[in-house]
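Some notes on the structure that comes next.
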Amino acid sequence: MDILAELNPAQREAVEAINGPVLILAGPGSGKTRVIAHRVAYLVKVCDVSPRRIMAVTFTNKAAREMEERLHRLVSGSVRDLTLGTFHAICARILRREGKAIGIDPKFVIYDEEDQISLLKRSIQGVGLDPKQYAPRAIASAITAAKSRMLAPQDYLERSHSYFEEVVGRVYERYQQLLTDSSALDFDDLLMKVVQLFRNCPEILSRYQTRYLHLLVDEFQDTNLVQYELIKQLGGRYRNICVVGDPDQSIYSWRFADLRNILSFEKDYPEAKLVLLEQNYRSTKRILETASCVISANQQRKPKELWTNNELGELTTVVETYTEQEEAQFVVHEVECLTAQGETKLGDCAVMYRTNAQSRALEEAFVRYGIPYKLVAGTRFYERREVKDIIAYLRLTQNPYDSISLLRIINVPQRGIGQRSLSELSSWAKSKGVPEYRALQLIIEQKGNEPLFSSRITKVLAGFLSLTEEFIARSWELNLVELLDLVIERTSYKEYILGQPDGEERWENILELRTVAQQYRDLKPREGLAAFLEGVTLVSDVDGLDESVDAVTLITLHQAKGLEFPIVFIVGMEEGVLPHFKSFDDPEQMEEERRLCYVGITRAKQRVYLIRAFRRSLMGSSTASCPSRFLSDIPPRLISGAGLWQGEGNQIARAIYSWNKASAPSVTTPELKVGDHVHHPQFGNGVVVSCQPVTDDKEVVVAFSGLGVKKLLLSFARLEKVE
DNA sequence: CGAAAGGCTCTTTTT
DNA sequence: GAGCCTTTCG
């Protein structure tokens with residue numbers, strides 16, 4: 001097969017430019033993944049480069065997996081030796097091998113965000129402050145920022161200019177110490193420590209530089225400074241660095257991704273070849289134009305000329321509903337209509353939203369109307385309590401100094417060790433300068449002077465310790481599944497969880513985890529354990545998305561990056577949701593919100609629906625909202641909607657969703673006045689408190705007995721007058 | 001010690 | 001509306 005044959009001239013240029021640095025700026029749907037895959041294939045098949053001398057970095061594991069499949073088809077031969085994965089996964093692998101050189105225990109565990117927050121709480125307390133006064137999340141973000149700039153605690157403290165920064169610096173210092181004590185790394189450490197390793201150990205760097213003749217980085221617009229530095233180090237010898245990105249799709253600045261990396265690249269590699277991919281193969285002309293209208297309003301951007309040979313396509317449908325429930329109903333209804341004609345499958349449809357919380361109303365509607373859907377993440381599987389408990393046992397087996405895991409499960413299932421005994425244990429460990437696990441050993445060996453705990457507690461602790469020791473001992477001979485079963489059996493975890501609320505469901509989750517573990521059962525005992533723990537920590541939510549299942553996809557706009565669907569619904573097109581209210585006072589963040597909207601629209605191949613709800617419950621209470629400013633950037637000629645609504649000079653299409661009315665028992669809305677008694681199918685009986693005309697309708701306030709006062713829109717509410 | 005209940009805050013997006 | 005923390009009681 002000719003690798004270049006299926007490429008357009010620009011793509012071909014990007015593939016063939018194998019000597020020296022290349023910067024590919026690629027619009028949505030311009031085939032950048034394809035270019036990366038073909039470039040690797042070209043290197044291997046045409047240029048005879050050994051796959052083990054190529055590193056390709058993707059944004060998610062899913063993208064890596066797809067790349068691998070693609071390559072399999074292109075290069076049929078072995079691409080096993082290729083280094084392919086996310087920055088985090090690749091760095092974890094490097095540190096596992098080489099970390100010793102900078103004092104990293106090869107058995108290190110990786111702390112996810114939840115672990116990080118609880119360790120931070122301990123750190124804040126550790127420096128004598130109150131975690132309630134200094135939000136751990138805010139400090140976490142500051143520390144991530146510091147690590148993204150490769151600042152060690154001391155560097156950070158030297159540069160601190162405010163009281164808050166000083167606090168962060170001190171907490172950071174303590175936090176880092178606790179991580180080291182636990183033989184643990186957080187996500188940011190994975191990257192930062194590798195850069196550090198390469199800086200401190202030139203001979204190791206040189207080995208890696210020599211190995212990697214070619215580097216490829218996808219989604220370059222969402223890399224941060226550490227990642228940039230890492231690539232710079234690795235590519236230092238051959239400078240064959242190929243980066244692909246699109247500034248208009250940069251949506252991770254809150255994770256300290258830095259668009260300036262693109263500028264730095266041009267500066268650090270002045271000889272870099274620039275390739276623009278501007279032909280879109282994904283979307284219709286109208287979708288592309290709609291997206292361009294939205295993104296063009298950004299000030300901080302270079303204009304781009306995207307074009308497509310695809311057909312003109314449909315207008316974008318803009319719809320307004322009354323509540324988020326009706327918004328969800330509209331989506332369900334529309335999906336039903338589309339799929340009823342047979343041309344569209346459920347799997348062709350995706351519903352995208354700004355915040356995870358928005359998925360609930362959607363899910364409820366999909367469940368109620370019996371439409372299959374796949375929710376990307378939800379309450380993320382690996383963050384569930386029961387799953388994390390079991391993982392904590394396994395982590396402790398790999399690395400007993402992991403104090404976060406130890407403290408998590410020392411009393412789960414309950415063993416009668418309370419908060420008091422725990423803090424006693426922790427402070428004793430601290431006074432001896434040893435990790436909790438070592439402290440346990442010392443206490444049991446009675447090497448502490450006088451007994452610290454009552455004989456009952458000492459006995460329980462001894463039991464826990466020998467349990468852990470048993471797991472550790474057996475972990476050298478059992479495969480992962482056997483080890484997991486042993487943990488469940490010896491802790492009586494099944495009995496414990498079945499006795500909890502939602503026990504059945506939680507037990508199912510454990511079985512699901514066991515299924516994941518099966519994939520590692522053939523590895524050598526300890527290797528399987530390490531690989532599994534790394535895998536479950538570094539998964540991203542989209543990784544679990546299964547294209548072969550025919551169901552509607554429910555997904556955040558962030559997760560949707562890199563994906564495509566024939567039909568795209570974007571819900572919550574409201575001021576405060578998209579754009580999110582947190583971005584109101586910062587123009588740069590506002591531009592990112594716009595890019596997020598752009599990413600959403602450009603996922604679509606055939607049709608786009610932009611939907612907003614007039615009222616939405618946010619943080620418990622229901623609030624009214626204005627249409628998203630992004631809607632007014634789309635000219636009316638690109639929009640369709642049943643019934644146009646003229647407002648404030650903008651033409652916003654407004655489709656009054658008639659389904660409810662059609663299926664309501666009373667087709668005609670009753671004439672109501674204050675004091676009338678009414679019946680609502682859901683809320684029961686009530687009395688009209690007020691009745692005010694709004695556009696095309698009436699807003700009725702009804703006091704329902706037992707439920708309180710509700711605001712309803714007359715045409716939707718299915719109210720019946722009771723005489 | 002632990003279960004249950006009440007009260008508080010805060011919510012964006014994620015490797 | 002949820003999750004976390006504290007309080008209270010057995």
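Every chain is numbered from 1 and lettered A, B, ... according to where its sequence line falls, protein lines coming before strand lines.
- Neither OP1 nor OP2 of dC1(B) sits under 4.0 Å from any side-chain N or O of N411(A).
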All N/O contacts under 3.5 Å from nucleotides 4-9 of chain C to the protein, with atom names and distances to one decimal?
unit_1	atom_1	unit_2	atom_2	d
dC5(C)	OP1	K121(A)	NZ	3.0

Atom pairs, N/O to N/O, protein against nucleotides 3-6 of chain B, distance under 3.5 Å?
unit_1	atom_1	unit_2	atom_2	d
dA3(B)	OP1	Q414(A)	NE2	2.7
dA3(B)	OP2	Q414(A)	NE2	3.1

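- No contact: L422(A) has no heavy atom under 4.0 Å from any strand.
- With DNA chain B read from its 5' end, the first of the two nearest nucleotides for Q419(A) and S583(A) is the one closest to Q419(A).
- Looking at R615(A) and E326(A), no side-chain N of the basic residue comes within less than 4.0 Å of a carboxylate O on the acidic one, giving no salt bridge.
- Separating the OG1 atom in T321(A) from the CD atom in Q329(A) is a distance of 9.0 Å, to the nearest 0.5 Å.
- Here dT13(B) sits opposite no nucleotide as a Watson-Crick or G-U wobble pair (both hydrogen-bonding atom distances under 3.5 Å).
- Taking the six-membered ring for Trp and the full ring otherwise, the centers of Y496(A) and Y493(A) sit less than 6.0 Å from each other.
- Note on R360(A): a side-chain N or O is less than 4.0 Å away from OP1 or OP2 of dA2(C).
- Among R301(A), R595(A), R594(A), the one residue that satisfies the side chain to side chain donor-acceptor pair (under 3.5 Å) test with D248(A) is R301(A).
- For F532(A), the ring pair (Phe, Tyr, Trp, His ring centres under 6.0 Å) partners are Y520(A), not counting sequence neighbours.
- Between L230(A) and C91(A), the closest side-chain pair of non-hydrogen atoms falls below 4.5 Å.
- Across all strands shown, the partner of dC4(C) is dG7(B), judged by Watson-Crick or G-U wobble contacts whose two distances both fall under 3.5 Å.
- Side chains of F187(A) and L538(A) form a contact here, defined as non-hydrogen atoms less than 4.5 Å apart.
- Note on S617(A): every side-chain N or O is 4.0 Å or more away from OP1 and OP2 of dG1(C).
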Atom pairs, N/O to N/O, protein against nucleotides 13-15 of chain B, distance under 3.5 Å?
unit_1	atom_1	unit_2	atom_2	d
dT13(B)	OP1	N356(A)	N	2.7
dT13(B)	OP1	N356(A)	ND2	3.3
dT13(B)	O2	W254(A)	NE1	3.0
dT13(B)	O2	R354(A)	NH2	2.6
dT13(B)	O2	H558(A)	NE2	3.2
dT14(B)	OP1	T556(A)	OG1	3.1
dT14(B)	OP1	Q559(A)	NE2	3.1
dT14(B)	OP2	N356(A)	ND2	3.3
dT14(B)	OP2	R380(A)	NH2	3.2
dT15(B)	O4'	R255(A)	NH1	3.4
dT15(B)	O3'	H88(A)	ND1	3.4
dT15(B)	O2	H88(A)	NE2	3.0

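- Aromatic ring centres of Y252(A) and F59(A): separated by under 6.0 Å.
- Scanning for side chain to side chain contact (heavy atoms under 4.5 Å, CB included) contacts around L498(A) gives K494(A), E504(A), W507(A), with sequence neighbours left out.
- For DNA chain B, the residues of residues 574-582 of chain A within the heavy-atom distance limit of 4.0 Å (strictly under) are H580(A), K582(A), sorted by number.
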